[in-house]
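First comes the structure, then the notes that go with it.
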Amino acid sequence: MKLADNKATLSFSNGSPSIEMPVYSGSIGPDVIDIRKLYGQTGMFTYDPGFLSTASCQSAITFIDGDKGELLYRGYPIEQLANHGDYLDTCYLLLKGELPDAKQSTDFHKLVNNHTMVNEQMQFFLRCFRRDAHPMAVMTGLVGALSAFYHDSTDINNPEHREISAIRLIAKLPTLVAMSYKYGVGQPFMYPQNSLSYSGNFLRMMFGVPCEDYVVNPVLERALDRIFILHADHEQNASTSTVRLCGSSGTNPFAAVAAGVACLWGPAHGGANEACLKMLDDIQKMGGISKVGEFMEQVKDKNSGVKLMGFGHRVYKNYDPRAKLMQETCNEVLAELGLENDPLFKLAKQVEKIALEDDYFVSRKLYPNVDFYSGIVQRAIGIPVNLFTGVFALARTVGWIAQLNEMIGDPEYKIGRPRQLFTGSPRLNVPGAK
Ligand code: CMC
């Protein structure tokens, strides 16, 4: 970051002296006012619940222009990566800052493939969960438990440990997600098959059985790879900020990523794809397309507590570029599987059409986000609804690690410690005490 030409001046109506604060510019995007000395100079904090106007760090990984609807990973537009890239090359890009050349790409694919198995003991740990546990509950436990199984790579201040834990997390997440699925449906775990692609291997671990050969469908393989690319990183969202804050205490990368998994689970974040599909199912049960208008009235009624899931975003005030790509993928997958007339897809399109024309949504700049169509694609592939967020977590793991490693390497990094505006009782005395 570099100092901007101008400075910010903060003045007070009570006659306290005004103070000047430096302004910094990034490469693109809004400038920031540096308030680090504000408390020292004025004895006051800033107040910004939900971080509506606060940049919590500097980062060179992902850039979003919410007004334009643009998403760049290390400068590359998401559309180009989704149409011409591959997920593991995208992981390399996010982690290392540049796209790999042919040799680097081959070596990286090989390296990740060499780490796809998990310690055999992990299945016994997994077997302690109830079979009907939500996969995200299981995933939070399993990812946290990786630090117990791989304690030779838990020193966050050691670059080699960070490197190997990054590869382990990227390589093992598909295995763990598939294991939590197989456990829930009572089928044998499928060991990874390293000759397959990252997404092909995941499909086989999910849907293969040991008594039959599994042939990977290339359209579904490509669709899944694209889903992974679209979810790989999204700058300082709730789960990524959670991973950074958790990691800022110096805890190990597996523990920090487990915190990210827990945060992602919520319906306002990664859980929205599951919530969106449930919402479409509910509208379908109400009577389908003919009931969309009625449902929209509920959404617009602030007292109903009903939200249009898969719509709206803190940063995008335009169409989420990932939603466009996801809609394309949805078309491809449904055509491949002969599900062009999928009623939920038709319903989703109708909901989108009505919302995009309705003043409530237009005036608030509410557009479909990535989760609006991703549930329909995943469901068509055969992924159960309660595993959608697990798939999101698998794909986002690389973003979490890239951001965590960037933070550790930042000379300005400090343990995260927000302050508060205290509104509770001032000092009281317990009866009998002074
Ligand atoms: N349905 C109906 N109204 C909405 C919606 C929605 N999905 N989203 C926002 N609004 C309204 C909100 O009620 C508010 O109205 P008003 O100004 O009258 O009070 C206005 O739009 C601004 O919304 P906000 O709640 O201040 O916006 P936010 O930035 O705090 O919330 C959000 C962003 C994503 C949490 C929210 O849009 C939402 O809950 N969407 C549904 C859940 C969802 O799809 N989440 C996935 C996000 S993308 C993937 C990811 O990052 O995980």
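Order of appearance sets the numbers: ligands from 1, and atoms from 1 within every ligand. These numbers come from a predicted model, not from an experiment.
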Aromatic ring proximity H313/H234, centre distance under 6.0 Å: yes

Residue portion contacting ligand 1 (non-hydrogen atoms closer than 4.0 Å) for L366: side chain

Any N/O pair P267/ligand 1 closer than 3.5 Å: no

Short N-O contact, K300 and D358, less than 4.0 angstrom: yes

Show which side-chain atoms of residues 75-85 pair as donor or acceptor with protein atoms under 3.5 Å away, not counting sequence neighbours.
{"residue": "N83", "atom": "OD1", "partner": "R226", "partner atom": "NH2", "Å": "2.4"}
{"residue": "N83", "atom": "ND2", "partner": "E79", "partner atom": "O", "Å": "3.1"}

Proximity flag F372 to ligand 1, non-hydrogen atoms under 4.0 Å: no

Contact with ligand 1 for K300, non-hydrogen, under 4.0 angstrom: no

Test item, V299 contacting ligand 1 (heavy atom, 4.0 angstrom): yes

Sub-6.0 Å ring centroid separation between F372 and F311: yes

Residues R379, D342: salt bridge by 4.0 Å N-O rule: yes

Any N/O pair H234/ligand 1 closer than 3.5 Å: no

Atom 7 (N) of ligand 1 - nearest protein heavy atom and its distance: L308 O, 2.7 Å

Within reach of ligand 1, part of R364 (heavy-atom separation under 4.0 Å): side chain

